[in-house]
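Values reported hereafter were calculated over all heavy atoms of this structure, with side chains retained and with hydrogens, waters and symmetry mates removed. Below, read A as the first sequence line, B as the second, and so on, with proteins coming before strands; counting in each chain starts at 1.
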Number of protein chains: 4
Amino acid sequence: MDREQRRAQILAIAAEVFAEKGYHDAKIEDIVARAKVARGTFYLYFEDKRGIFEELVSGFVRQLAETIEPIETVPDSDPTRVMRELRSNLLRLVERFTEEPAMAKVLFSAAVGLDADFDQRLLAFYEEIAELLERSLKQGEEAGLVRPGHRRIRAFCLTGIIKELVYQLILRRAVSEPAELVDAMLDLVTDGLFTDPVREAVRASSAPRATR
Amino acid sequence: MDREQRRAQILAIAAEVFAEKGYHDAKIEDIVARAKVARGTFYLYFEDKRGIFEELVSGFVRQLAETIEPIETVPDSDPTRVMRELRSNLLRLVERFTEEPAMAKVLFSAAVGLDADFDQRLLAFYEEIAELLERSLKQGEEAGLVRPGHRRIRAFCLTGIIKELVYQLILRRAVSEPAELVDAMLDLVTDGLFTDPVREAVRASSAPRATR
Amino acid sequence: MDREQRRAQILAIAAEVFAEKGYHDAKIEDIVARAKVARGTFYLYFEDKRGIFEELVSGFVRQLAETIEPIETVPDSDPTRVMRELRSNLLRLVERFTEEPAMAKVLFSAAVGLDADFDQRLLAFYEEIAELLERSLKQGEEAGLVRPGHRRIRAFCLTGIIKELVYQLILRRAVSEPAELVDAMLDLVTDGLFTDPVREAVRASSAPRATR
Amino acid sequence: MDREQRRAQILAIAAEVFAEKGYHDAKIEDIVARAKVARGTFYLYFEDKRGIFEELVSGFVRQLAETIEPIETVPDSDPTRVMRELRSNLLRLVERFTEEPAMAKVLFSAAVGLDADFDQRLLAFYEEIAELLERSLKQGEEAGLVRPGHRRIRAFCLTGIIKELVYQLILRRAVSEPAELVDAMLDLVTDGLFTDPVREAVRASSAPRATR
DNA sequence: GATGAATGAGCGTTCATTCAT
DNA sequence: TATGAATGAACGCTCATTCAT
């Protein structure tokens with residue numbers, strides 16, 4: 001087993017251990033024992049415990065980012081194509097998580113609240129996603145696909161939906177299939193929750209409040 | 001300062017410290033130093049570090065639960081009233097978080113990934129919320145207010161939206177006012193993201209895919 | 001309840017607690033809780049934990065010492081009277097222990113191995129007993145009642161017998177009645193363990209080894 | 001120094017420290033300082049403080065048990081041989097203690113009154129010894145070597161004699177040689193303490209008391 | 001490179017004792 | 001005199017990291 005393989009093996013095992021036990025309950029001892037290497041060997045490949053954890057998280061974050069394909073939304077885009085591409089982006093993203101359940105658990109559990117420093121980095125990561133979504137919403141508005149609205153808040157709403165669905169998909173076994181998840185979610189953000197009469201009523205009652 | 005006040009003081013300071021540093025980086029020393037009491041005094045009021053943390057989290061969770069008022073949705077409910085009550089529930093909830101930013105941070109950060117045991121409890125808490133939402137969606141459907149759809153997934157989507165908005169509202173200073181947050185979110189779940197042409201197109205294209 | 005009564009009450013309770021838990025596992029808290037006084041009150045009556053323990057032990061040791069009545073063994077003493085007095089001394093001693101089982105437990109358990117200093121004091125106490133026994137054996141020899149022999153070692157043997165019998169009488173519930181204990185013990189030290197043929201044989205075989 | 005040596009070294013030093021200071025006053029720091037290893041090293045070899053102490057005691061108890069060789073006492077045994085074997089058993093036992101004075105001190109001092117649990121174990125150990133002695137006395141009686149009598153009490157008397165002699169032999173430097181100890185003790189249990197006239201008198205006076 | 005024994009800083013917790021009321 | 005809240009020194013134990021072999 002050459003150097004890169006050994007490194008990758010330890011990395012993969014560390015992901016499992018962090019996923020199972022969380023950052024603090026995962027001991028270097030647990031990792032090396034499962035990898036069947038000596039304690040010292042670990043430090044030949046990784047700077048320290050924090051180092052391997054950051055590498056794990058940032059590597060997974062990079063993978064997630066690569067999963068997303070930009071969607072072109074020029075003014076006269078075909079709405080059907082845009083929706084199709086959006087759907088497949090979401091599907092690939094959700095599937096990325098289901099393919100790496102350990103890393104999903106690490107990202108949503110072990111990496112949260114680790115310390116002030118790490119929290120900042122996670123926040124920055126979600127900020128990037130939110131900004132990508134914001135830009136997409138802007139393009140969508142400009143292309144006449146998206147109803148105008150508070151883009152930043154919407155961006156966070158969408159982030160929240162995805163995070164929670166994946167969180168539930170991973171942490172419990174069940175919920176449902178990625179495709180079902182994505183379709184239900186798209187249904188929600190496409191048509192909203194309510195029936196037309198409700199919508200009418202809401203619109204009528206909020207009209208006097210003027211345009212916000 | 002009587003017994004209850006002293007207890008409350010230490011509890012409040014512990015919330016701050018846990019919020020700032022996370023569970024593991026928060027040392028008992030930090031708490032007692034900031035409370036200007038001796039190490040031993042801490043243990044007069046709380047079982048141990050884990051104990052005060054659990055009390056903090058479960059107390060806050062209880063407060064949150066009390067914030068939510070049940071909404072009656074009999075078949076001929078007035079949609080306007082329902083929406084108004086929904087909005088004020090959400091508003092009170094979000095305000096509860098903004099009034100206790102430290103606890104919000106603790107709940108969303110420090111309490112996550114603490115250990116397998118605590119994760120289970122958090123999951124159970126979110127499960128309860130999801131079940132409440134599911135029941136509400138069911139009543140809404142039966143009252144003709146809510147479009148039929150996958151209620152469980154929708155419940156998680158809504159949970160995710162609220163969590164993420166509060167998370168962003170707290171962890172960064174910015175985003176915006178609770179009311180603006182709630183309104184933007186309600187706008188999203190009411191009318192959806194897209195313009196009517198897109199909706200039409202989606203409906204048309206997905207129709208042949210048969211009934212899903 | 002006047003000062004002396006209160007003091008005596010705490011002392012008695014402390015004896016129980018020390019007996020049940022041993023010196024280190026007995027907490028001041030245990031004592032004051034059972035005595036229904038405040039922590040601070042304890043220190044109004046006793047210097048410190050060590051202080052009350054020492055008082056307890058030395059008080060009991062004094063009681064034990066007072067139990068023993070000197071036996072007059074002038075050259076022509078009536079052996080029957082001497083044996084009767086010896087027996088009643090032993091009986092009173094053993095009964096003293098059974099009347100104060102808590103203090104017996106303290107003396108034989110809690111007070112042992114407490115620290116180098118306390119061990120010295122216990123040793124000194126047993127030394128005193130041994131010296132008393134030694135003097136008695138000397139008088140007994142001079143009065144022609146006791147076979148000549150290594151008096152110091154014999155003194156320790158006798159001490160050991162008494163200690164062990166009481167230890168067993170107290171720490172287990174059973175064994176038997178004080179009188180039975182004392183009689184069996186007196187039987188042993190009077191006639192020895194073995195039958196006459198054995199004694200003859202031993203004497204015969206050890207004779208060539210010269211006078212010991 | 002290989003693993004077993006290091007372990008043995010720490011064990012031996014711990015015995016010394018426990019012997020000198022007692023269980024509670026012996027700090028892990030004392031042990032590691034004297035062994036010239038780091039605090040952590042201690043925990044590589046032993047579970048915890050209680051663990052090393054129990055290992056020490058149970059190891060020594062096992063050694064003691066192995067010291068004793070069974071004595072065959074068939075009906076026509078040669079009394080001289082039996083006494084010789086008894087004497088050498090006792091001598092080996094006493095020498096075992098003198099060879100390991102630290103462990104003797106631990107067994108008789110530090111291990112006593114440690115807590116309710118440990119006390120039970122010590123009691124069980126002495127119970128075993130008493131049972132061995134009881135069985136021996138029974139065989140001795142059946143072989144016509146031992147005068148009939150209360151075997152259980154006698155067993156405890158003998159245990160007490162041995163304990164006290166060793167206790168005194170170890171805790172003070174003095175007393176005397178193992179051989180002298182054993183011989184004086186055997187002399188006592190063989191012929192008893194008293195001269196023949198006393199024995200006669202006792203027998204005469206207690207006769208009317210009838211058979212007990 | 002690989003090993004695993006050794007290190008030691010660090011932390012949660014206990015509890016005898018004090019002292020303001 | 002009595003109280004009991006407050007104190008803080010002390011200690012057992014953990015575990016990430018180092019380093020001699």
Side-chain angles (χ1 to χ4, degrees), chain A residues 1-3 6-7 23-33 35-53, chain B residues 1-3 5-7 10 24-33 35-52, chain C residues 1-3 6-7 23-33 35-53, chain D residues 1-3 5-7 10 24-33 35-52:
Chain A
M1 190 182 284
D2 73 0
R3 195 175 158 80
R6 165 76 22 122
R7 213 186 125 84
Y23 181 80
H24 281 98
D25 283 353
K27 314 297 179 198
I28 297 296
E29 177 56 34
D30 297 326
I31 297 172
V32 298
K36 294 193 203 317
V37 296
R39 269 169 138 74
T41 307
F42 175 89
Y43 289 91
L44 293 175
Y45 292 94
F46 302 96
E47 183 72 4
D48 53 21
K49 186 183 180 182
R50 182 65 181 256
I52 196 175
F53 188 77
Chain B
M1 187 181 284
D2 76 357
R3 200 180 151 77
Q5 279 180 314
R6 172 56 43 103
R7 209 186 132 83
I10 297 176
H24 281 99
D25 283 355
K27 313 297 179 197
I28 297 296
E29 180 57 36
D30 297 326
I31 297 172
V32 298
K36 294 196 201 317
V37 296
R39 275 171 121 71
T41 305
F42 175 89
Y43 291 93
L44 289 179
Y45 293 93
F46 302 97
E47 184 76 0
D48 54 18
K49 185 183 177 181
R50 182 66 181 254
I52 195 175
Chain C
M1 189 182 286
D2 74 359
R3 195 173 159 81
R6 164 85 9 131
R7 211 185 128 82
Y23 182 80
H24 281 98
D25 284 353
K27 314 298 179 197
I28 296 296
E29 177 56 32
D30 298 325
I31 297 171
V32 297
K36 295 196 202 314
V37 296
R39 270 170 136 73
T41 306
F42 175 89
Y43 289 91
L44 293 175
Y45 292 93
F46 301 96
E47 182 73 6
D48 53 21
K49 185 183 180 181
R50 181 65 181 257
I52 196 175
F53 188 78
Chain D
M1 190 181 284
D2 76 356
R3 200 178 152 77
Q5 280 179 314
R6 170 60 37 108
R7 208 185 132 84
I10 297 175
H24 282 99
D25 283 356
K27 314 297 179 196
I28 297 297
E29 180 56 38
D30 297 326
I31 297 173
V32 298
K36 293 194 200 318
V37 296
R39 274 172 123 70
T41 305
F42 175 89
Y43 291 93
L44 289 179
Y45 294 93
F46 303 96
E47 184 76 0
D48 53 20
K49 186 184 177 180
R50 181 66 181 254
I52 196 176

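- Listed nucleotides E:dA16, F:dT7, F:dA6 differ in distance to C:Tyr43; the shortest reach to its side chain belongs to E:dA16.
- Comparing D:Glu47 and A:Gly40, the nucleotide of DNA chain F nearest to each residue sits closer to the 5' end for D:Glu47.
- The NE2 atom of A:His24 lies 6.0 Å from the CG atom of B:Asp25; values are rounded to the nearest 0.5 Å.
- For the pair B:Lys49 and B:Tyr43, the cation-pi test (distance below 6.0 Å, angle within 45°) is failed.
- Proximity note for D:Ala38 (side chain, C-beta onward) versus E:dT3, F:dA2, E:dT7: the nearest is E:dT7.
- Distance D:Leu44 CG to F:dT18 P: 17 Å, rounded to the nearest Å.
- Distance D:Asp2 CG to E:dT3 P: 20 Å, rounded to the nearest Å.
- Considering only the side chain of A:Lys27, F:dC15 comes nearest among E:dA2, F:dC15, E:dG12.
- Separating the OH atom of C:Tyr23 from the P atom of E:dT14 is a distance of 19 Å, rounded to the nearest angstrom.
- The minimum heavy-atom distance between D:Thr41 and D:Arg6, with the atom names listed, is CG2-NH1, 4.4 Å.
- For E:dT17, its base sits under 3.5 Å from the side chain of C:Arg39 at one donor and acceptor pair at least.
- Per the geometry, CD1 belonging to B:Ile28 stands 6 Å off P belonging to E:dT13, to the nearest Å.
- Mapped onto DNA chain E by nearest heavy atom, D:Arg3 and C:Ala26 fall at different nucleotides, with D:Arg3 at the one closer to the 5' end.
- Atom pair B:Ile52:CD1 and E:dG12:P shows a separation of 12 Å (rounding to whole Å applied).
- As rounded to whole Å, 12 Å separates atom P of F:dT1 from atom CZ of C:Arg7.
- One finds no side-chain N or O of B:Thr41 lying less than 4.0 angstrom from the OP1 or OP2 phosphate oxygen of F:dA5.
- Within the nucleic acid shown, D:Tyr45 comes within 4.0 Å of sugar-phosphate atoms alone, with no base atom in reach, counting heavy atoms only.
- Contact annotation: the side chain of C:Tyr45 never approaches that of C:Val37 to less than 4.5 Å [non-hydrogen atoms, C-beta and beyond].
- Between the P atom of F:dC15 and the CZ atom of D:Phe42 lies a distance of 17 Å, rounded to the nearest Å.
- Of the inter-residue distances, the one linking B:Arg7 atom CZ with B:Phe42 atom CZ reads 10.0 Å to the nearest 0.5 angstrom.
- Considering only heavy atoms from C-beta on, C:Glu47 stays 4.5 Å or farther from C:Ile52 through its side chain.
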How does DNA chain F look in dot-bracket form if you count Watson-Crick and G-U pairs under 3.5 Å, write [ ] for pairs that cross, and put | where a base pairs with another strand?
.||||||||||||||||||||
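- What separates CD1 of D:Ile31 from C1' of F:dC11 is a distance of 13 Å, to the nearest Å.
- A 4.5 Å side-chain heavy-atom check between B:Ile31 and B:Ile10 finds at least one atom pair inside the cut-off.
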